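A short worksheet on the structure shown next.
On a predicted model such as this, the values are computed, not experimentally measured, just so you know.
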Amino acid sequence: PSAAPLCSSVGRSFRQVVWARLLLRRMEPRRRHEDMPQYRTLQRLQKNYIVRCGEPLENIIPGTGTKPASRIRRVEAEIRRLRRDLGQLEQEDLLSEKLESPSLQMKQRQQDRTTQKAAIAEQVKRLEQDLV
């Protein structure tokens, strides 16, 4: 008696058939872009650039795909936003010291602002180190 092919559906569940087909596809040698249909080999590199290649661009071009100048600008904007938040927390601290009488609730708010300021200062320091 001859053995049934691996991807035949006789006596197998749908999940087993799909799994077997995936295994067969993995075992096949990688197709080169000449063997593949043309629409599968086109990939967008940037807004106005389309290239034809047989494998994913992440394997061909290392990196995240963002330009260094754009990344630097985004990090600097994030640092500016964090510093602005830090300044607002400082301002709230100064106003609360002058306006509110010392109470347990005020001490709790001040402690929360202190932990927020420490976390923001740590983020700013980490982003500045990434920038350099």
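Residue Leu131 holds its CG atom at 7.0 Å from CZ of Arg71, rounded to the nearest 0.5 Å. Rounded to the nearest 0.5 Å, atoms CD (Gln108) and CZ (Arg113) are 10.5 Å apart. Between atom CD1 of residue Ile79 and atom CD1 of residue Ile120 there is a gap of 13.5 Å, rounded to the nearest 0.5 Å.
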Intermediate values then yes/no, side chain to side chain contact (heavy atoms under 4.5 Å, CB included), Glu92 and Leu89 = CA-CA 5 Å; Glu92 288 175 11; Leu89 287 173; 4.0 Å; yes

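Summarising the geometry of Val75 relative to Leu127, their closest heavy-atom pair is CG1-O, 3.9 Å, with the distance given to 0.1 Å.
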Expected list for residues 80-88: side-chain donor-acceptor pairs under 3.5 angstrom, two or more places apart:
from: Arg81; atom 1: NH1; to: Asp85; atom 2: OD2; distance (Å): 3.1
from: Arg81; atom 1: NH2; to: Glu78; atom 2: OE2; distance (Å): 2.7
from: Arg83; atom 1: NH2; to: Glu128; atom 2: OE2; distance (Å): 2.0

